[in-house]
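Have a look at the structure below before the remarks.
Just so we're on the same page: letters track the sequence lines, and every chain starts at 1.
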Amino acid sequence: MPAEELLRIGELSKRTGVSAESLRAWERRYRLLRPTRSAGGLRLYSPDDLERVRKMRAHLAAGLAAAEAARLACAPDDEDSRSGSADPVRLRAALAAAVERFDEAAAQALLDRAVAALSIDALLVELVLPYLHELGAGWERGETSVAQEHFASGLIRGRLLGLARGWGLGVGPIALLACLPGEFHDLGLIAFGLALRARGWRIVFLGADTPAETIDTAARMIDPALVVLSGVSPKRLRPVIAQLRPLAARYALAIGGACAESPEAARVAARVLAEDPVSEADRVTSLQS
Amino acid sequence: MPAEELLRIGELSKRTGVSAESLRAWERRYRLLRPTRSAGGLRLYSPDDLERVRKMRAHLAAGLAAAEAARLACAPDDEDSRSGSADPVRLRAALAAAVERFDEAAAQALLDRAVAALSIDALLVELVLPYLHELGAGWERGETSVAQEHFASGLIRGRLLGLARGWGLGVGPIALLACLPGEFHDLGLIAFGLALRARGWRIVFLGADTPAETIDTAARMIDPALVVLSGVSPKRLRPVIAQLRPLAARYALAIGGACAESPEAARVAARVLAEDPVSEADRVTSLQS
Amino acid sequence: MPAEELLRIGELSKRTGVSAESLRAWERRYRLLRPTRSAGGLRLYSPDDLERVRKMRAHLAAGLAAAEAARLACAPDDEDSRSGSADPVRLRAALAAAVERFDEAAAQALLDRAVAALSIDALLVELVLPYLHELGAGWERGETSVAQEHFASGLIRGRLLGLARGWGLGVGPIALLACLPGEFHDLGLIAFGLALRARGWRIVFLGADTPAETIDTAARMIDPALVVLSGVSPKRLRPVIAQLRPLAARYALAIGGACAESPEAARVAARVLAEDPVSEADRVTSLQS
DNA sequence: ATAGGTTTTGTCAAGCTTTTGTACAT
DNA sequence: ATGTACAAAAGCTTGACAAAACCTAT
């Protein structure tokens with residue numbers, strides 16, 4: 001006897017937002033659902049049924065007719081089982097689709113495949129960074145919801161941090177990474193850390209919203225060969241310029257993120273990281289050695 | 001049954017911006033569209049139809065007459081068959097150069113590009129297999145060192161096994177793959193496994209130097225639709241022929257690798273895989289279905 | 001007599017917020033509770049009962065029907081399938097079970113979880129290496145078939161090589177890794193390479209069955225800070241001792257694998273790697289810096 | 001482009017059954 | 001404490017309906 005959660009129709013309806021009548025109709029007309037029955041004849045739905053309803057809804061939202069949507073929802077996922085091709089463009093589209101319907105299992109499976117098939121550099125340059133970019137653009141156009149954006153970034157942060165495990169160990173030069181005060185977007189910085197790690201650096205990561213003094217203290221303790229600060233807007237940079245000067249005097253200081261393009265960045269930092277993380281990691285590394 | 005999105009006329013109209021009436025007219029007049037029909041007679045359009053409508057529109061916008069535009073939209077296009085950047089011949093040369101100097105960074109970057117741009121089949125047939133062949137030939141001519149050959153096969157094995165991740169999952173027929181006893185070259189077999197996988201098979205891979213009894217045991221447990229044994233020399237095959245007979249009696253047995261061309265192979269195996277892995281995977285699959 | 005706290009129905013009701021009537025009904029209808037009785041017939045509930053009631057409530061709150069909620073509350077937790085179980089001992093057992101039945105899906109999922117939850121070091125020391133060891137021991141005792149051993153090592157090799165991708169990049173000292181001529185067991189060597197990589201080394205990997213001259217050639221080209229040779233039996237080492245001397249004179253030479261314990265190894269190598277890969281990687285690294 | 005008929009699909013209703021918390025009598 | 005009863009809530013089946021979308025033919 002499986003320890004699965006079996007749902008009755010009301011709960012399935014509540015969780016999917018589809019009326020009980022429709023659920024029964026979809027079962028009768030398209031065999032979308034195959035509930036077991038309780039002793040008294042009530043329908044008991046498995047998690048697989050729940051999943052199918054979610055897919056059905058996603059296809060309906062995409063404009064498919066109900067019969068078509070049901071056919072696809074019932075078809076075994078052959079996006080991820082068949083053709084092993086790891087074309088990042090397709091992976092990206094599939095990832096976007098999975099995020100669209102909050103399908104974590106599918107999203108993780110796609111990321112699994114990407115991690116297995118690509119190098120760290122390619123993973124970042126061809127999949128993760130363009131996808132995040134796209135997500136941001138979609139949000140600005142009002143196409144993706146904030147919820148989707150959070151879901152996606154949580155997912156990706158988890159995977160990247162998994163890859164980041166142990167990135168402080170070893171014998172390479174140390175890079176100290178932090179987001180500027182008030183800055184909470186750390187994915188780009190994590191990506192840069194991974195690219196550096198792949199080139200032999202040791203990473204100390206302070207994360208989002210790090211006060212200037214904290215960076216200073218940490219630098220004094222670990223004596224990094226490079227300090228990298230990241231922020232999306234020059235607004236983050238301006239208030240701390242004065243505090244950064246002594247840091248810049250003692251350590252190689254780099255500024256990344258969108259604010260790297262501002263004149264302020266050029267004034268205070270030894271190095272401005274205006275291109276993608278992987279290229280910049282290459283440059284920084286070749287300077288180092 | 002394809003897992004394609006089939007659209008009804010309203011959705012196709014919405015997605016292309018062409019009125020339903022026009023779509024029907026284009027179907028009648030120019031056979032631009034070949035929708036299937038639902039049980040009740042509604043038109044169901046495939047993604048290919050969608051693509052043709054888009055092309056038609058583009059041609060119309062360019063000023064062509066409708067009949068001309070339709071003719072062009074129906075013609076198979078050969079432009080997207082290959083973009084120059086991932087030309088396998090160049091990739092192969094570049095890969096050889098990278099391996100020559102043990103430059104893993106460059107080699108991995110090249111393989112990234114190849115994995116991204118090519119299908120599994122193309123990756124195998126146009127890059128990996130010819131490259132390995134060339135490497136072997138270079139070694140026989142004394143041009144490449146064994147060190148480079150080892151380095152390269154390690155690299156490629158890692159990438160192929162990455163693509164192989166999850167090749168045992170799914171619902172297709174099962175193929176059991178193993179190298180003959182004493183045989184340690186498994187790359188060809190991995191390539192064959194990937195080609196089969198791209199055709200929907202499930203793969204169970206026993207790898208190098210597998211004793212005959214082992215193959216037997218495994219076959220009994222998983223009941224494969226096909227057993228594939230690989231070896232580079234008839235020397236590997238001869239000592240186990242007697243042991244393979246009962247296996248061949250019970251399962252479809254195929255022999256691959258250079259030893260497939262020997263008379264021994266023909267005597268024991270139902271199927272001799274003498275050509276490249278991709279073609280053979282095609283044949284085996286068409287026999288299966 | 002157990003020193004458990006036994007609760008009467010009123011107290012259980014107060015602690016769980018479920019009415020006494022419902023508790024009795026749940027006992028009668030779903031056998032959710034198995035109270036002992038006092039001399040006078042009063043129900044006495046154990047802490048396990050309390051726990052089950054809490055689970056029941058949690059499932060009810062999640063919207064499950066009472067019958068379903070009770071079924072789940074009574075089912076033994078298979079925490080295995082839940083998130084918290086990155087316990088390497090259990091993972092190992094589960095991995096063994098998955099391999100036993102050639103279930104790649106389950107095995108990959110387990111490895112996914114392990115890779116996500118453990119550091120490289122822990123992955124190697126607590127999961128992969130003990131598992132391989134166990135597998136070997138089971139084989140010697142005739143318990144596991146060679147088929148399973150092959151299947152498992154193929155699987156694990158794929159995963160480790162996936163983690164190894166890009167291990168040649170960067171700025172650290174270079175280690176040249178190879179198996180001795182005639183030696184085909186490369187998993188231990190790959191593990192050692194990963195442990196070194198986690199400590200900042202760059203790895204050049206020549207793999208199984210590498211001729212002595214090959215090692216020599218490669219070393220001359222890449223000028224490694226360390227050369228590591230691996231073999232399971234002194235038989236592999238003896239024939240090449242003479243050829244290794246000049247290599248040992250020019251580079252730091254280490255011998256790993258079971259043959260490291262032989263007197264021959266001590267005679268030719270600067271360093272004998274007799275312990276597990278991770279400890280030895282630690283030592284080698286501290287010597288280096 | 002319109003007209004007139006068909007298909008698809010979500011929703012509703014009526015009458016009956018199951019499930020489940022609570023109340024009551026012993 | 002036990003056992004039975006009860007009623008509200010939730011569910012089942014069958015059948016039907018109507019709006020939207022689609023068809024063909026003129």
Side-chain heavy-atom pair [X], [Y] within 4.5 angstrom cut-off:
X        : Y        : value
B/Met56  : B/Leu32  : yes
A/Arg8   : A/Arg43  : no
B/Arg197 : B/Leu169 : yes

Please report, rounded to the nearest Å, how far the [atom2] atom of [N] is from the [atom1] atom of [X].
X       : N      : atom1 : atom2 : result
A/Leu32 : D/dT8  : CG    : P     : 17 Å
C/Glu27 : D/dT20 : CD    : C1'   : 16 Å
C/Glu21 : E/dA7  : CD    : P     : 17 Å
A/Arg57 : D/dT9  : CZ    : P     : 17 Å
A/Leu6  : E/dG11 : CG    : C1'   : 16 Å
A/Leu23 : D/dC12 : CG    : P     : 14 Å
A/His59 : D/dT9  : NE2   : P     : 15 Å

Enclosure of A/His185 NE2 (heavy-atom neighbours >12, cutoff 6.0 Å): no
What do you reckon, is CZ of C/Arg31 surrounded by more than 12 foreign heavy atoms closer than 6.0 Å? no
Heavy-atom nearest nucleotide on DNA chain D for A/Ala25 versus C/Ala67: which residue maps closer to 5'? A/Ala25
Quick one: pull up [atom1] in [X] and [atom2] in [Y] and give me the separation to the nearest 0.5 Å.
X        : Y        : atom1 : atom2 : result
A/Asp112 : A/Gln108 : CG    : CD    : 6.5 Å
B/Trp167 : B/Leu196 : CH2   : CG    : 9.0 Å
B/Asp49  : B/Glu51  : CG    : CD    : 10.5 Å
B/Leu44  : B/Leu7   : CG    : CG    : 8.5 Å

[N], OP1 or OP2 - any side-chain N/O from [X] closer than 4.0 Å?
X       : N      : result
C/Tyr30 : D/dT20 : yes
A/Ser38 : D/dT19 : yes
C/Ser22 : D/dG21 : no
C/Trp26 : D/dT20 : no

Rounding to 10°, can you tell me the angle the first-five-pair axis of the helix from D/dA1-E/dT26 to D/dT26-E/dA1 makes with its last-five-pair axis? 20°
Nucleotide by nucleotide, 5' to 3', does protein get under 4.0 Å of the base (B), only the sugar-phosphate (S), or neither (-) in nucleotides 12-26 of chain E, counting heavy atoms? SB-------SSSB--
